[in-house]
Amino acid sequence: MSTFPVAGHGRAYLAIPGPSVIPEAVLQAMHRPAPNIYGGQLIDMTASIVPDLLRVARTNGKVAMYIGNGHAAWEAALANVIAPGDRVLVPATGRFAHGWADMAEGQGAEVDIIDFGKRAPMDMERIAEALRADANHRIKAVLAVHVDTSTSVRSDISALRAVLDAEGHPALLMADCIASLGCDVFEMDAWGVDVMVTGCQKGLMVPPGMAFVFFNDKAAEARAAMPRVSRYWDWTPRANPEEFYMYWNGTAPTHHLYGLRTALDMLHAEGIEAVWRRHAMLAQAVWAACDEWGSDGPLELNVADPAHRSVAVTSLRLGAPNGTALRDWVEQHLGLTLGVGLGMAPPGDPSWHGFFRLGHMGHVNGHMIMGLLGGIEAGLCALDIPHGRGALDAAAAVIAKG
Ligand SMILES: *Cc1c(COP(=O)(O)O)cnc(C)c1O
């Protein structure tokens, strides 16, 4: 039946940085006949989802919901505040910043990118310089990716706000939290974020298909001053719906809403601070194992300083062709799927095969992480890839401490 020697038995594990593992409870909540979209449970349930989303984002602002993926969230946010000819500043710590910048360019914005490379954090002084050079305040928004899922660099969004304030620059601070919401600590209001975008398929543990744009009063004012906003992307009716269909500008994502309701219940039952702590602890276990493997062999964490690492995704270097060989081996033999290296080498470049990523976002616990790490250890052994000993001991010690 199965073409795989072992992987066909037991439960497969998708350990890629999105889409993430879907909890059974979310799957079960979605397994139902089509609900009425003109009255009944779905309407009340959706109204209950809005404040719970705001709670996860730590904001008293508004949220507009869309049927779409993360790219839709990017487009939606830009469509509401960036008009053709507006300037945006994009500090880039990986491929996703370039993706959002490209989206802005597609909407007619003038885009300035400050590229910090593929493994370094943002240099706030360079951002301050760029803002200072913009004496006429033409930069309308700074687009910042909180966790760049390609490099696993986590950026200090509150430090970015401090730079904008110190320079007295009025640009909107827009954050991409697609990989970080519900994983890494994020405080929309306390950190002074004006617009935040996310999707449902990573920390929120729901299959891909919903996008969210959170915004505050300052962003709403910028929206009101826009010459024109596409009807479909306009966040105003979605965030202030007078009728149920206005949330969606059409049919609701019915089953996703049931899944999301359950996922939010799970997040709130655990408590968002506990969710953050769990992710931090599990990430430390991953890093501890990687440090041991890397002590005697080619494996290397992409981000050297733990202070700048995401707790949701880990980008690793193993040298070509070992990265791809390892991914293939653990998938075929263990039913364990690791993430491909993204944006670390140009397409077609053989060095692409030297990178891989681990997703540890959302519905993950200690035994899953130990399984993930044990699988990698088996793969390194099977492929004779040199590696230091003691990785699993090191990870277990982190988890034992809790
Ligand atoms: C996953 C991701 C995206 C893109 O989301 P899609 O659903 O693939 O469109 C954008 N930004 C970040 C930081 C992501 O992790």
Side-chain angles (χ1 to χ4, degrees), residues 14-22 57 65-79 88 90-107 113 115-116 118-119 121-122 141-157 160 173-186 188 193 195-214 233 253 256 259-260 263 279 283 302-303 308-315 337-344 355-362 364:
L14 184 71
I16 68 175
S20 63
V21 172
I22 307 169
M65 302 184 280
Y66 301 82
I67 293 182
N69 57 17
H71 284 67
W74 279 346
E75 178 107 3
L78 295 168
V88 299
V90 185
T93 59
R95 174 188 164 130
F96 286 91
H98 291 278
W100 203 4
D102 185 55
M103 215 87 176
E105 209 169 282
Q107 291 191 344
I113 297 176
D115 196 338
F116 297 105
K118 296 183 167 83
R119 51 195 316 189
M122 293 177 186
V142 177
L143 311 185
V145 175
H146 184 207
V147 163
D148 201 295
T149 323
S150 61
T151 57
S152 68
V153 171
R154 183 181 63 203
S155 292
D156 187 341
I157 301 295
L160 212 43
L173 177 55
M174 300 174 65
D176 169 346
C177 294
I178 298 171
S180 56
L181 194 74
C183 307
D184 278 280
V185 176
F186 178 78
M188 177 161 170
V193 173
V195 178
M196 185 270 276
V197 302
T198 196
C200 67
Q201 78 273 26
K202 298 186 186 178
L204 295 181
M205 309 178 286
V206 175
M210 290 189 77
F212 309 98
V213 179
F214 298 79
W233 293 122
H256 275 74
L260 181 60
H279 280 84
N302 187 51
V303 182
H308 302 301
R309 287 180 199 151
S310 155
V311 301
V313 50
T314 297
S315 190
T337 303
L338 310 179
V340 299
L342 208 58
M344 302 299 284
F355 302 94
F356 68 106
R357 291 175 305 155
L358 309 178
H360 33 93
M361 50 175 57
V364 284

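Start at 1 and go down the list; that is how both ligands and their atoms are numbered. Numbers here are sequence positions counted from 1.
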Peer 1: Which heavy atom of A77 sits nearest a heavy atom of M174, and at what distance?
Peer 2: CB-CE, 3.8 Å
Peer 1: Using 30° and 60° as the class limits, which term best fits the ring planes of W74 and W100: parallel, tilted or perpendicular?
Peer 2: parallel
Peer 1: Under a 4.0 Å heavy-atom limit, does D176 contact ligand 1 with its side chain, its backbone, both, or neither?
Peer 2: side chain
Peer 1: Would R357 and T149 count as a side-chain contact (heavy atoms from CB on, under 4.5 Å) here? Give the steps.
Peer 2: CA-CA 9 Å; R357 291 175 305 155; T149 323; 3.8 Å; yes
Peer 1: With distance as the sole test, does H256 use its side chain to make a donor-acceptor pair with the main-chain N or O of P208 at under 3.5 Å?
Peer 2: yes
Peer 1: Please state whether Q201 comes within less than 4.0 angstrom of ligand 1, counting heavy atoms only.
Peer 2: yes
Peer 1: Could you tell me whether a side-chain N or O of D184 sits under 3.5 Å from a main-chain N or O of V311, the two making a donor and an acceptor?
Peer 2: yes
Peer 1: Check for me whether W74 has a heavy atom closer than 4.0 Å to any atom of ligand 1.
Peer 2: yes
Peer 1: Pull out every atom of ligand 1 sitting under 4.0 Å from any heavy atom of K202, numbered as shown with elements.
Peer 2: 1 (C), 2 (C), 3 (C), 14 (C), 15 (O)
Peer 1: Number the atoms of ligand 1 from 1 as they appear, then name those within less than 4.0 Å of a heavy atom of V147, with their elements.
Peer 2: 13 (C)
Peer 1: So is T149 polar-close to ligand 1, meaning N/O to N/O under 3.5 Å?
Peer 2: yes
Peer 1: Under 4.0 Å, heavy-atom basis, I'd like to know which part of V145 is in contact with ligand 1: side chain, backbone, both or neither.
Peer 2: side chain
Peer 1: Of the choices M103, M210, H71, which has the non-hydrogen atom that lies closest to atom 8 (O) of ligand 1?
Peer 2: H71
Peer 1: Kindly compute the distance separating OG (S152) from CG (L342), expressed to the nearest 0.5 Å.
Peer 2: 11.5 Å
Peer 1: Could you list the atoms of ligand 1 found under 4.0 angstrom from a heavy atom of I178?
Peer 2: 1 (C), 2 (C), 3 (C), 10 (C), 11 (N), 12 (C), 14 (C)
